[in-house]
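To keep things clear, I will list the structure first and then write my remarks on it.
Basis for what follows: all heavy atoms, side chains included, without hydrogens, waters or symmetry-related copies.
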Amino acid sequence: MVCLSRRPSRRPLTAAIALGVGLLGMVPPASSLAAPVSEADADLATNPIVITADRPALEKYAAPQTSVGVTGATVMETQNVLDSEDALKYLPSLFLRKRNNGDTQAVLATRTWGVNSSARTLVYADDVLISALVANNNTIGAPRWGLVAPEEIARVDVLYGPYSAAYAGNSMGGVVRITTRTPEKLEADARQSEAVQSFGLYGTHKDLVTSQTSAHVGDRMGPFTWSLSANYQDSDSQPLSFVTNGKVPTGTSGTFLAQNKTGAVADVVGASGLLHTQMTNAKLKLGYDLTPVWRLDYTLGYWQNDATSDVQTYLRDSAGAATFAGLSGFASGKYSLWQSHLAQSVTLRSDSKGPWDAEVTASHYEMLDDIQRTPTGVTASGTGFSTAGRIARMDGTNWTNVDAKALWRTTPSNTVSAGLHADQYELVNPTYGTTTWQGGSDQGQGLYSSGRGKTQTLALWAQDEWTFLPDWTVTLGGRLERWQAFDGYNYSGGKGVEQPDTETGAFSPKATLTWTAAPDWHVTASFGEAYRFPTVSELYQLVQTGTTYTAPNATLKPERVLSGELAIEHTFIDGRMRLSLFQENTRDALIAQTAFLTGATPVSYTVNVDEVRNRGVELAASQQDVLVKGLELSGSVTYVDSTILSDPNFASSAGTTATGKHVPYVPDWRVTLAATYRPDEQWAFTVAGRYSGKQYSTLDNTDSVAKVFGAFDSFLVADVHINYKVMDNLTLDLGVDNLNDEKYFLYHPFPGRTFFGGLKVSL
């Protein structure tokens, strides 16, 4: 690794803005550029899922690595959609860990990394980063999907692998680019959606309802465009966890005898995390065409969440009355949560189609309010909670990103691009004791625990795309980064620790070679080195989330990735097929573990694993008019051999080893298949299936017990959807997710059979 400075400045954002202005200053005035060409409407029209090795049409700065895309119109026509992240549900090799409608912790798993890897993908909306790189987990690390309304999505594109110098090493799993519509005339629509989940497991049997109202309106007035979207969702979830105990509580009945994922006794005595959320978000987009080439955009997003979590005991005392039997595990699932977050971004970009283009994007995300109140225990008898509790806060946590890019088309066969990136992430996460948890002061019993700190990254990158022969194109690039973590502090058990500052630098080369063997055959070989630096939460967050305790590690090293792919693609009439061979070796891999203290209390912590390897094969295809006109088939099959090559620091009291075992959270198989039949312009019928193979959550793969709370199961679910255009401005949607009512856990129990209905009215 390269250290770029003995003591780097903690003001990279100032430098970023300065260089951004400098890059823009290199661009000739609009009058000297080629006449602008408007975006082809065909790029945003309704199309089937497109599996292609070409770059998305709306991305100028990425290398031509493997990509896949789907239009927003197709998503709304063929899928049961309540949240914007649902648009990714059927794309090759991807899995969306969405536990419930309105889930604030919906993270994306890719072909080489599984759940609990939120910082190993980058998600953008109109070139604005909506990934929350403040963490690499399934809690606060999830992308801020609520900043995009499903109705405003024009298309979604996924770029696989860390092969573009324009993106940080967090792109090792891939880059998701969401493009939203820019109104060209007055448009408005409103949508009412309802979902009913039928859930039954252990002693919980409930019908759980989600109701969502959304609206979108926008217009163009000369060079000025505006749009406003708003959404309100009221939902009830299935239990997100269960209360377990090492034995049947004395004098009670109702316990379900069970094990945990490693085979220890973990009898189920109740349900926890019965979440009721009332979620509101609104977004304002303003745009102005400064010239025929230059455009200025501003986005303001506000998100609010009012949630309560409840518990259900299965235990009955000798008189038949419900009881907690004095088990404090029920208390951790009882809480109230109030959140209000604000996001802003501004983008200045050119689209000349001439020799020069440039853009500068700056965004800021602020947790204005983020307060969770939880009791510390239960009463000695009955089903009451202690008045004393804890108040966990995250308000003040924030992050800022600045990107400046310039592109120079030197000749028709050569394009050079370069840019600067800077970011800062700040974690503020104190937990206080209080004598009255439901409404008490933060200072009721003083500070209980605390985790805070900052990280900053400054990067320079450049790449050159050159068609050196008619059928051969090479893209070479590199990314130079400097990263630092500072102001780290942890407090627990009455003791505070000022964590040491740390800094490091790295250079990451990239290369992609594309051969057009024939007009309908393309072969692409890609290589990329990438560094994924620890997030501020991995370094400093000390917190309890539900029943799981998270321990920080301020000594973590960045993980270094060497990634390669060979993709062969064949296009034919109304269809495509792609075969990809890929391998990714990661040194010092940052992997989260969950271990159980006293057999019942889960503790999560992150360690550096010496080296892991993920290699495999992916086959993806799509075809229209299969056998009969109007029948479209698409799907993918992915196999991954995911192995821990070396972990000499792994220690186990049971004498187990991690070396040679499967990498946690990465399933061996993923399969997605979808069929849509459109008999005419009014109707669309879709049947889809998703399969995921076995995965582990421990380094030594000792979590071998399936179908229990905390396990990571294989699963097969089927979905159906019917779309009916009643008239030009009225659309009805009906569908079912998890039609076969599969019971499975990915730590949490996942939703049962869910019925869906929606009605949309538009101008």
Side-chain angles (χ1 to χ4, degrees), residues 201-206 236-258 260 265-277 306-338 371-393 431-449 492-494 543-549 596-603 709-710 748-749:
L201 191 61
Y202 296 121
T204 301
H205 298 273
K206 292 177 177 290
D236 289 290
S237 79
Q238 77 280 4
L240 298 180
S241 62
F242 289 97
V243 183
T244 61
N245 198 48
K247 61 180 181 179
V248 176
T250 303
T252 67
S253 60
T255 295
F256 290 84
L257 302 182
N260 66 17
V265 174
D267 295 337
V268 178
V269 295
S272 182
L274 291 158
L275 193 63
H276 177 224
T277 59
D306 186 0
T308 57
S309 176
D310 212 341
V311 298
Q312 175 191 359
T313 181
Y314 303 152
L315 300 176
R316 296 295 182 269
D317 61 20
S318 58
T323 179
F324 289 152
L327 299 178
S328 61
F330 284 99
S332 60
K334 176 74 173 180
Y335 62 83
S336 65
L337 178 64
W338 168 254
I371 307 169
Q372 181 172 321
R373 296 172 174 270
T374 310
T376 52
V378 298
T379 55
S381 61
T383 55
F385 297 93
S386 63
T387 55
R390 298 191 184 115
I391 302 174
R393 306 189 69 117
T431 298
Y432 300 94
T434 177
T435 54
T436 52
W437 69 273
Q438 290 181 306
S441 167
D442 286 356
Q443 305 301 322
Q445 293 179 338
L447 186 65
Y448 175 78
S449 66
S492 180
V543 68
Q544 176 186 354
T545 306
T547 59
T548 301
Y549 294 80
F596 285 86
L597 298 181
T598 66
T601 304
V603 175
F709 172 51
H748 309 274

Assign the ring pair Y314 / F256 to parallel, tilted or perpendicular, where the plane angle (0 to 90°) is split at 30° and 60°.
->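 Because their plane-to-plane angle is over 60°, the rings of Y314 and F256 count as perpendicular.
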Parallel, tilted or perpendicular: rings of F385 and W437 (30°, 60°) |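 Plane angle over 60°, so perpendicular.
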Between atom [atom1] of [X] and atom [atom2] of [Y], what is the distance when rounded to the nearest 0.5 Å?
{"X": "K334", "Y": "S386", "atom1": "NZ", "atom2": "OG", "answer": "12.0 Å"}
{"X": "R373", "Y": "R390", "atom1": "CZ", "atom2": "CZ", "answer": "14.5 Å"}
{"X": "H205", "Y": "Q312", "atom1": "NE2", "atom2": "CD", "answer": "9.0 Å"}
{"X": "I391", "Y": "Q438", "atom1": "CD1", "atom2": "CD", "answer": "11.0 Å"}
{"X": "L274", "Y": "T204", "atom1": "CG", "atom2": "OG1", "answer": "6.0 Å"}

Is any side-chain heavy atom of [X] less than 4.5 Å from a side-chain heavy atom of [Y]?
{"X": "F242", "Y": "V269", "result": "no"}
{"X": "D236", "Y": "L275", "result": "no"}
{"X": "T387", "Y": "T435", "result": "no"}
{"X": "T277", "Y": "D306", "result": "no"}
{"X": "L315", "Y": "L327", "result": "yes"}
{"X": "V243", "Y": "V268", "result": "no"}

Which atom names give the shortest non-hydrogen contact between [X] and [Y], and what distance separates them?
{"X": "F330", "Y": "G270", "value": "CE2-CA, 3.9 Å"}
{"X": "A325", "Y": "P249", "value": "CB-CB, 3.8 Å"}
{"X": "T374", "Y": "A331", "value": "CG2-O, 3.4 Å"}
{"X": "G389", "Y": "T376", "value": "CA-CG2, 3.5 Å"}
{"X": "V265", "Y": "G246", "value": "CG1-O, 3.2 Å"}
{"X": "I371", "Y": "R393", "value": "CD1-NH2, 3.2 Å"}

So, the side chain of [X] versus the backbone of [Y]: is there a donor-acceptor pair under 3.5 Å, distance only?
{"X": "Q372", "Y": "Y335", "result": "no"}
{"X": "D267", "Y": "A258", "result": "yes"}
{"X": "T431", "Y": "A392", "result": "no"}
{"X": "T379", "Y": "G384", "result": "yes"}
{"X": "S272", "Y": "S241", "result": "no"}

Would you check, one step at a time, whether the test side chain to side chain contact (heavy atoms under 4.5 Å, CB included) holds for T313 with T383?
-> CA-CA 8 Å; T313 181; T383 55; 4.1 Å; yes
Verify the ring-centre separation between Y448 and Y432: is it less than 6.0 angstrom?
->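 Ring centres of Y448 and Y432 not closer than 6.0 Å.
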